[in-house]
Amino acid sequence: MNLATAFLVIISVVLVNNFIFSRFLGYCPYIGVSTEKKSALGMGLAVIFVMTLASVVCWLVYHFFLYPSESNLFYKIFGGNQGVENFDLRYLMTLVFILVIAALVQFVEMVIQKIAPPLYAALGIYLPLITTNCAVLGVTILNIEGVTINGTALGYGHPMSLLFGVLQGFGAGCGFLLALMLMAGIRERLALQNIPKPFRGMPIAFLTAALLAIAFMGFAGLVK
Amino acid sequence: MSLFKEFLKGIWEKNPVLVLSLGLCPTLATSGSMRNAVGMGLSVIAVLTFSNIIISLIKSFVPSKIRIPCYIIVIAFLVTVVDMLIAGFAPELSKAIGLFIKLIVVNCIILGRAEAFAAKNNPLRAALDGLGMGIGFLIAISIIATIREVLGANKWFGLTVVPGWDPIGIMILPAGALLTFGLVMAVRNVLAQRRSR
């Protein structure tokens, strides 16, 4: 993967295939936390952090424990004369990934609380929410399944798939932050408007998101 | 509350999607066509009903401090079963919405019902609650998918609705999903207001 492809991965996941506006991942926190800019920023930064970390950890778990290959640790330890295909644990992916993410979020929370109290004060309340953010589990699964960019299938099996995973995780977090900040800015103003009663709250938020999604459709075609 | 009411509340009064706004991602993402929507809805019904039953059965001996991870393991196990069944029997559906089937694990409806209902009630009530909530989800997603597929592709379950009519392409795109969802929610609010009056 050269620098141009790396750049395209970021562009693709931030603008073209934005997790909020075109993939529909992470809506609960998106609608829940986008009422003011300050909390949106905290949530967005926490998501970038956890997504990047989860991408790395889940890739490593998949590579060393689940995928049947020479580097599978179970095969190395218990392999003996058995074939490598007996160590295919890929069907456990969903179960293992969600546990890894839950444990990771808990761990990150404890570490931040210990070594960086100001950061914890800023991100603290958002971290536990991230466990059930489907964008995090979604990006780790997409890292394995892969995305095709300019004809190259970048996923597990590609020699640079770990780097791709990190870029995609980081980019998806940035895309989420962008979407969240745009929405928070609009909703802060919407709160002051006289909106017809049935549209107050959620419905108007969704209509706003629809307009933003139409705007984001303009980026389609930047990356094939 | 009577058993029948327990079942019925998920469909209108506490509809998980339209009232509680839980489980938004799969609702928006898989409502592009009726086939995907019904596949998703049935998967959620299966996972929700069985997770409610299992969690209601194990509630007395799960320590309260680690209950959430335990629930997640139960749910992830059920989701893996459903995912494999779909991959085996309906590979096309699996290709279209496979990611969102896996993501049922983090669907807030399932964990929400586990925590708010199944952990406090007996298995029969939990099963009815799960079934009702699941059907409420299926109804909501079907309404949205019907609107989107008819307007956006001029089709319903893949069958042409009005021959020779040019569909509104945007309804099938992500923006159309958000637009439809916002409008359906607003209509539901209007109806609920009329009823309470």
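Chain identifiers are assigned alphabetically (A, B, ...) following the order of the sequence lines, protein sequences preceding nucleic acid strands; residue numbering begins at 1 within each chain.
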Run the numbers on Tyr91(A) and Val81(B) for side chain to side chain contact (heavy atoms under 4.5 Å, CB included), then give the verdict.
CA-CA 9 Å; Tyr91(A) 61 90; Val81(B) 172; over 6 Å; no

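Sparse packing is recorded around CZ of Phe50(B), with 12 or fewer heavy atoms of other residues, nucleotides or ligands lying under 6.0 Å away. Within a 6.0 Å radius of CZ in Phe216(A), other residues, nucleotides and ligands contribute more than 12 heavy atoms. Around atom NZ of Lys9(B), more than 12 heavy atoms belonging to other residues, nucleotides or ligands sit under 6.0 Å away. Atom CZ of Phe157(B) sits in a crowded spot, with more than 12 heavy atoms from other residues, nucleotides or ligands closer than 6.0 Å. With a 6.0 Å radius and a threshold of 12 heavy atoms from other residues, nucleotides or ligands, Arg23(A) has its CZ atom above the threshold.
The heavy-atom pair separating Asn189(B) from Pro203(A) by the smallest distance is ND2-CG, 3.8 Å. Closest approach of Gly26(A) to Cys25(B), counting heavy atoms only: N-SG, 3.4 Å. Shown here for Lys102(B) and Thr94(A), the closest heavy-atom pair between the two residues is O-CG2, 3.6 Å. Nearest heavy-atom pair across Gly138(A) and Leu99(B) is O-CD1, 4.3 Å. Closest of all the heavy-atom pairs between Ile73(B) and Leu95(A) is O-CD1, 3.8 Å.
For Ile68(B), no part lies near chain A; criterion is any non-hydrogen pair under 4.5 Å. Looking at Ile214(A), the atoms closer than 4.5 Å to chain B (heavy atoms on both sides) sit in the backbone and in the side chain alike. Heavy atoms of Ala209(A) lying under 4.5 Å from chain B belong to its backbone as well as its side chain. The parts of Leu25(A) that come within reach of chain B are both its backbone and its side chain, each placing non-hydrogen atoms under 4.5 angstrom from that chain.
Under the 4.5 Å side-chain criterion, counting only non-hydrogen atoms from C-beta, Leu211(A) is not in contact with Leu179(B). Looking at heavy atoms from C-beta onward, Pro174(B) lies out of side-chain contact with Phe21(A) at the 4.5 angstrom threshold. Within the 4.5 Å cutoff, the side chain of Leu92(A) has no heavy atoms near those of the Phe77(B) side chain. Contact check for Phe24(A) versus Leu178(B): side-chain heavy atoms found under the 4.5 Å cut-off.
Contacts between residues 31-39 of chain A and chain B, counted as heavy-atom pairs separated by less than 4.5 Å, involve Ile31(A). Annotation: residues 183-198 of chain A contacts chain B through Lys197(A), Pro198(A) [non-hydrogen atoms, separation under 4.5 Å].
Here the straight-line distance linking atom CD1 of Ile204(A) with atom CE of Met185(B) works out to 12.5 Å at 0.5 Å rounding. Rounding to the nearest 0.5 angstrom, the gap separating the CG atom in Leu183(B) from the CG atom in Leu207(A) is 5.5 Å. The CG atom of Leu103(B) sits 9.0 Å away from atom CD1 of Ile98(A), with the distance rounded to the nearest 0.5 Å. Here the CG atom belonging to Leu24(B) is positioned 5.0 Å from the SG atom belonging to Cys28(A), to the nearest 0.5 angstrom.
For the set Thr27(B), Val106(B), Ile72(B), the count of heavy-atom pairs under 4.5 angstrom toward chain A peaks at Val106(B). Between chain A and the options Ala76(B), Pro26(B), Gly98(B), the largest number of non-hydrogen pairs under 4.5 Å is found for Ala76(B).
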